[in-house]
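Structure first, commentary second.
Letters go in sequence order (proteins before strands), and every chain restarts at 1. All values below were derived from every heavy atom in this structure, side-chain atoms included, with hydrogens, water molecules and symmetry-related copies excluded.
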There are 2 protein chains.
Amino acid sequence: MSASTAVQSRPGGRSARVRAAVHRAVGELLAEDTSEALTIPIVAARAGVHATTVYRRWGSIGDLLAAVASSRFSGDIVVPDTGSLRGDLEQWAGDVATDLQDPDVLALIRASIGAGGAEGACACSTDRRNQLAAMIEREQARGGTPPDVERATDLLLGPLYYRAIFTSAPGEPAWARGLVADLLP
Amino acid sequence: MSASTAVQSRPGGRSARVRAAVHRAVGELLAEDTSEALTIPIVAARAGVHATTVYRRWGSIGDLLAAVASSRFSGDIVVPDTGSLRGDLEQWAGDVATDLQDPDVLALIRASIGAGGAEGACACSTDRRNQLAAMIEREQARGGTPPDVERATDLLLGPLYYRAIFTSAPGEPAWARGLVADLLP
DNA sequence: AACTAAACGCATCGATCTGTGCGTTCGTGC
DNA sequence: GCACGAACGCACAGATCGATGCGTTTAGTT
């Protein structure tokens, strides 16, 4: 967990290279064919790394996927600062929708949910939820009366992720921006 | 697909028994331990059926999970008829929330998403979406002006499924009923 | 520059999965 | 009741996965 830039006992050159190669291999394989089993030997072969290394560092394919997802979905979207909560949320929702339109991203989320269970699913959404909380807290510090984080999650993250995962047509950014209207009337 | 009560070339006793046993085995294994790999030989052994049979009838674990999910999530919830759209939606949302609180159901959904990709995910939600459409159409036939099915999906199914899958606390039925207030002000 | 230990590569082994061919059982139609 | 064919059980084989022990490379330290 927190495999992005966490301080490890040995963050030096080779370990970082191997990790980058493995992460990239997972992304590439997920982007190609869904029916491929995505096993550790396959990932290792694609990454040009020995399977033993992957087994030892990540253990199972579930943990590896969770690590990749956690790394991929943290810091990929910057929290906007337009001055108003509505503007922030609209831009942010549009950015998230754009991200969820990427088939690779969808494949990563689906695989994380399937292999990592609740833990894998959380790795895909905790950062988004934190971003939402940050925008709402900022509005609160600004003196406004923003909605609850729970409510914002239900009305924004809910539709966004539902459409992405359960339907074949992920939401357009314009549609995502429209979701804010339900939250802030 | 549509393995529930579809007319097959041979729907007789033994085939039906085998299918029921395999479906039950999948449910049991999903309910037990998440870390179990859920492979076809394991399912077959639990069902008291030869693995060859499962390979020949369902092919892959993804197709099997999609079939089980499709069978499990069709007809499990009856569309309520309280007389008003609000009443229907509130009771239905509560029922769906109750269903999603079952860890077995969650495990089945997660596994279907992971192994079956978009197809597997659709198997878990198309019936729910049809139920929603049915209630809205009925309201329309009644002369009312119900919201769009898209909007209802976004505001009801979205939060319900997001909470169930991405958080560790699926929504309470009371909370689910409250979602209707955002849809019908 | 030398030392230390973490991380990796390699060879290998057991376990399990996936798939095939053939004989048998059982449901269906005549 | 009888024949036909579909579905199943069984035995077997190829392939792949998961894991271990040991030697080697390499990053970090003094």
Discussion item. Rounding to an integer number of Å, can you tell me how far Leu64(A) CG sits from dG18(D) P?
Written reply: 12 Å
Worksheet item: Touch check for Thr52(B), heavy atoms < 4.0 angstrom, all strands: base, sugar-phosphate only, or nothing?
Response: base
Worksheet item: Separation of Tyr55(B) atom OH from dC12(D) atom C1', in whole Å?
Response: 15 Å
Worksheet item: Of all the nucleotides listed (dC8(C), dC17(C), dC17(D)), which has the minimum atom distance to the side chain of Val18(A)?
Response: dC8(C)
Worksheet item: At under 4.0 Å, does any side-chain N or O of Thr53(A) touch on OP1 or OP2 of dA7(C)?
Response: no
Practice prompt. May I ask you to decide if the ring planes of Trp58(B) and His23(B) are parallel, tilted or perpendicular, using 30° and 60° as cut-offs?
Written response: tilted
Practice prompt. Without swapping roles, check the side chain of Ser71(B) against the backbone of Ala67(B) for a donor-acceptor pair under 3.5 Å.
Written response: no
Worksheet item: Does some side-chain heavy atom of Arg72(B) sit less than 4.5 Å from a side-chain heavy atom of Val105(B)?
Response: yes
Worksheet item: How is Ile42(A) classified with respect to the nucleic acid when contacts are heavy atoms under 4.0 Å: base, sugar-phosphate, or nothing?
Response: sugar-phosphate
Discussion item. With a cut-off of less than 4.0 Å, is there a side-chain N or O of His50(B) near OP1 or OP2 of dC10(D)?
Written reply: yes
Item to complete: Counting heavy atoms from C-beta on, name the nucleotide in dG9(C), dC17(D), dG18(D) closest to the side chain of Arg56(A).
Response: dG9(C)
Worksheet item: Among dC8(C), dC17(C), dC8(D), which nucleotide sits nearest the side chain of Ser15(B)?
Response: dC8(D)
Worksheet entry | Interatomic distance, Ile40(A) CD1 vs dA15(D) P [rounded to whole Å] | 22 Å
Worksheet, complete the sentence: Tightest non-hydrogen contact, residues Met135(B) and Leu85(B), listed as O-CD1, 3.8 Å
Worksheet entry | Distance test, side-chain N/O of Arg17(B) to OP1/OP2 of dC8(D), below 4.0 Å | no
Worksheet item: Out of dA7(C), dG18(D), dC10(D), which nucleotide sits closest to the side chain of Arg57(A)?
Response: dA7(C)
Discussion item. Between P on dG18(D) and CG on Leu38(A), what's the gap in Å once rounded to a whole number?
Written reply: 11 Å
